[in-house]
Amino acid sequence: MYSDTPVTHEQFRRHLEVVVQSTRQPENLGNFMKIGEGSTGIVCLATDKRTGRQVAVKKMDLKKQQRRELLFNEVVIMRDYPHPNIVEMYGSHLVGDELWVVMEFLEGGTLTDIVTHTNLSEEQVACVCRAVLKALTFLHSQGVIHRDIKSDSILLTSNGTVKLSDFGFCAQVTEDMPRRKSLVGTPYWMAPEVISRKPYGTEVDIWSLGIMVLEMVDGEPPYFNEPPLQAMRKLRDLEPPTSRNPIQISPRLQSFLDNALIRDPLYRATAFELLNHPFIRNVGNSTAMQDMMRSFRHSVC
């Protein structure tokens with residue numbers, strides 16, 4: 001499959017058949033309603049007729065993928081690496097020329113919805129980071145790089161539980177292949193070493209997390225008003241970005257950012273180290289996210 005010989009559509013489909021749960025449409029799902037669309041496909045809300053539970057179904061057309069090999073990640077990562085802060089997968093199906101991934105529906109929506117409508121407190125920022133860092137600490141310990149940490153990849157429940165999703169860009173590092181070189185991710189959140197096409201590892205997720213913190217603080221990532229290529233050049237060549245309102249950031253949050261947004265990945269903090277940073281440890285058993293989701297629902301109703 002990974003040889004230099006081009007893989008036909010039918011060959012690729014047969015490879016996918018090995019990893020999915022079934023090769024037919026799941027009979028227990030009904031009442032499909034489209035709720036979103038991304039670069040790889042659409043997301044529908046559906047009802048599991050056996051349990052009455054609502055689920056999310058990601059439908060991806062095999063023939064419309066720019067990098068179809070990444071579809072394996074959508075199935076394998078959630079299947080093989082379950083974690084309380086990772087979106088749970090219920091099943092995967094090859095339906096004709098579509099890959100369907102059935103997963104839990106997080107009714108709170110994406111973190112992007114929150115940061116574009118609400119000013120998060122530092123306590124809320126810390127709660128989001130803690131959940132994401134727990135997921136990353138686990139994934140990194142398994143040699144998995146997410147490669148697309150951003151607010152769009154973070155989902156929430158109505159009670160404020162935070163979970164990591166969107167595993168299409170993931171990569172596995174091993175003893176035989178300890179670094180990656182592919183230009184993968186979303187421009188404004190990319191680490192400098194990815195943009196420079198240098199070999200990289202799990203450290204790229206930490207840079208992206210730092211950018212996501214600035215996104216939570218400022219409402220958008222740095223250079224968001226500039227074309228992607230220009231933003232990437234600045235991320236590659238300039239000093240690490242800072243908040244537009246640095247005077248409003250506490251020393252504790254600034255220290256957290258300073259440890260995440262280090263240009264040299266050798267000196268960048270690990271997910272485990274950031275999980276033990278005072279900015280994260282200070283939140284304890286906070287209900288800040290639960291309170292925020294309650295007020296956010298009222299504000300948009």
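Quantities reported herein were computed from a predicted structural model and do not represent experimental measurements.
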How far does CG of Asp152 sit from CD1 of Ile149, to the nearest 0.5 angstrom?
12.0 Å
Would you give the length of the straight line joining atom CG of Leu156 to atom CE of Met293, rounded to the nearest 0.5 angstrom?
5.0 Å
I'd like to know if the side chain of Gln11 and the backbone of Thr8 have a donor-acceptor N/O pair within less than 3.5 Å.
yes
Is the shortest side-chain N to carboxylate O distance from Glu220 to Arg244 below 4.0 Å?
yes
Please report whether the ring centroid of Tyr90 lies less than 6.0 Å from that of Phe105.
no
Students often mix this up, so state it plainly: with edges at 30° and 60°, are the rings of Phe256 and Phe279 parallel, tilted or perpendicular?
tilted
With rounding to the nearest 0.5 Å, note down the distance linking OH in Tyr81 to OG in Ser141.
9.0 Å
Is a side-chain N or O of Gln230 found less than 3.5 angstrom from the main chain of Pro227, in a donor-acceptor match?
no
Going by atom types only, do Asp176 and Thr174 share a side-chain donor-acceptor pair under 3.5 Å?
no
Tell me, with the steps shown, if Val125 and Val213 meet side chain to side chain contact (heavy atoms under 4.5 Å, CB included).
CA-CA 7 Å; Val125 171; Val213 170; 4.1 Å; yes
With a 4.0 Å cut-off, would you call Arg179 and Glu193 a salt bridge?
no
Within the 4.5 Å heavy-atom criterion, are Arg294 and Thr287 side-chain neighbours or not?
no
With sequence neighbours left out, the residues meeting salt bridge (charged side-chain N to carboxylate O under 4.0 Å, His left out) with Glu37 are Lys34
May I ask you to decide if Leu111's main-chain N or O and Ser151's side chain share a donor-acceptor pair within less than 3.5 Å?
no
Considering all heavy atoms of both residues, which atom of Pro199 and which atom of Lys181 are nearest to each other, and what is their separation?
CA-CG, 3.8 Å
Taking the six-membered ring for Trp, are the ring centroids of Phe32 and Trp100 within less than 6.0 Å of each other?
yes
Testing the basics here: between Met60 and Lys58, what is the closest heavy-atom pair and its distance to 0.1 Å?
CE-O, 3.9 Å
Tell me if a side-chain donor or acceptor on Arg281 pairs with a main-chain N or O of Asn276 at a distance below 3.5 Å.
yes
Identified ring pair (Phe, Tyr, Trp, His ring centres under 6.0 Å) counterpart of His146 within the set Trp207, Phe169, Phe167
Phe167
With a 4.5 Å heavy-atom cut-off, do Thr40 and Gln65 have their side chains touching?
yes
His140: what forms a ring pair (Phe, Tyr, Trp, His ring centres under 6.0 Å) with it, not counting sequence neighbours?
none
Would you give the length of the straight line joining atom CG of Asn85 to atom CG of Leu139, rounded to the nearest 0.5 angstrom?
10.0 Å
List the steps and the verdict of side chain to side chain contact (heavy atoms under 4.5 Å, CB included) for Ile86 and Phe138.
CA-CA 10 Å; Ile86 290 175; Phe138 169 67; 4.2 Å; yes
Treating Ile, Leu, Val, Met, Phe, Trp and Tyr as nodes and any side-chain heavy-atom pair under 4.5 angstrom as an edge, say whether Leu16 and Met103 lie in one connected cluster.
yes
Just so I know, are the side chains of Trp189 and Glu215 near enough to count as touching, which here means a heavy-atom distance under 4.5 Å?
yes
Would you say Ile211 and Pro241 make side-chain contact, with heavy atoms under 4.5 Å?
yes
Rounded to the nearest 0.5 Å, what separation is found between the CG atom of Asp237 and the CD atom of Glu239?
11.0 Å
Would the distance check show the side chain of Thr118 and the main-chain N or O of Val115 forming a donor-acceptor pair, the cut-off being under 3.5 Å?
no
Where is the tightest heavy-atom contact between Thr116 and Gly219, given as atom of each residue plus distance?
CG2-O, 4.4 Å
Treating Glu122 as the side-chain partner and Ser250 as the backbone partner, does any N or O pair qualify as donor plus acceptor under 3.5 Å?
yes
Within a strict 4.5 Å, meaning less than it, do heavy atoms of the Val132 and Met212 side chains meet?
yes
Indicate yes or no for a side-chain donor-acceptor contact from Glu203 to the backbone of Gly201 under 3.5 Å, with no hydrogens or angles considered.
yes
Output yes when Asp148 and Lys150 qualify as a salt bridge under the 4.0 Å nitrogen-oxygen rule, no when they do not.
yes
Identify the residue among His15, His9, Glu17 that makes a side chain to side chain donor-acceptor pair (under 3.5 Å) with Arg13.
Glu17
Below 4.0 angstrom, N of the basic side chain to O of the carboxylate: do Lys163 and Glu104 qualify?
yes
Side chain Asp205, main chain Arg147, donor-acceptor under 3.5 Å
yes
Whether the Tyr223 and Arg233 side chains hold a donor-acceptor pair (N or O, under 3.5 Å, no angle test) is what I'd like checked.
no
Check step by step if side chain to side chain contact (heavy atoms under 4.5 Å, CB included) holds for Val283 and Met289.
CA-CA 11 Å; Val283 293; Met289 290 305 294; over 6 Å; no
If we only count heavy atoms from C-beta on, is the Val194 to Val184 side-chain gap below 4.5 Å?
no
Nearest heavy-atom neighbours spanning Ser243 and Asp218
OG-OD1, 2.9 Å
Minimal non-hydrogen separation, Pro222 against Leu214, with atom names
CG-CD1, 3.6 Å
With a 3.5 Å distance limit and no angle check, can you tell me whether Arg268 reaches the backbone of Arg263 through a side-chain donor-acceptor pair?
yes
Under the criterion side chain to side chain contact (heavy atoms under 4.5 Å, CB included), I'd like the reasoning laid out for Asp48 against Val102: C-alpha separation, chi angles, the key distance, then a yes or no.
CA-CA 10 Å; Asp48 185 331; Val102 184; over 6 Å; no
Would you check if the side chain of Ser158 reaches a backbone N or O of Gly108 as a donor-acceptor pair within less than 3.5 Å?
no
Measure the shortest side-chain to side-chain distance between Arg79 and Val19 over non-hydrogen atoms and say whether it is less than 4.5 angstrom.
yes
Are Leu164 and Leu136 close enough that some pair of their side-chain heavy atoms sits under 4.5 Å apart?
yes
Nearest 0.5 Å, what's the OG-CD1 distance between Ser165 and Ile154?
6.5 Å
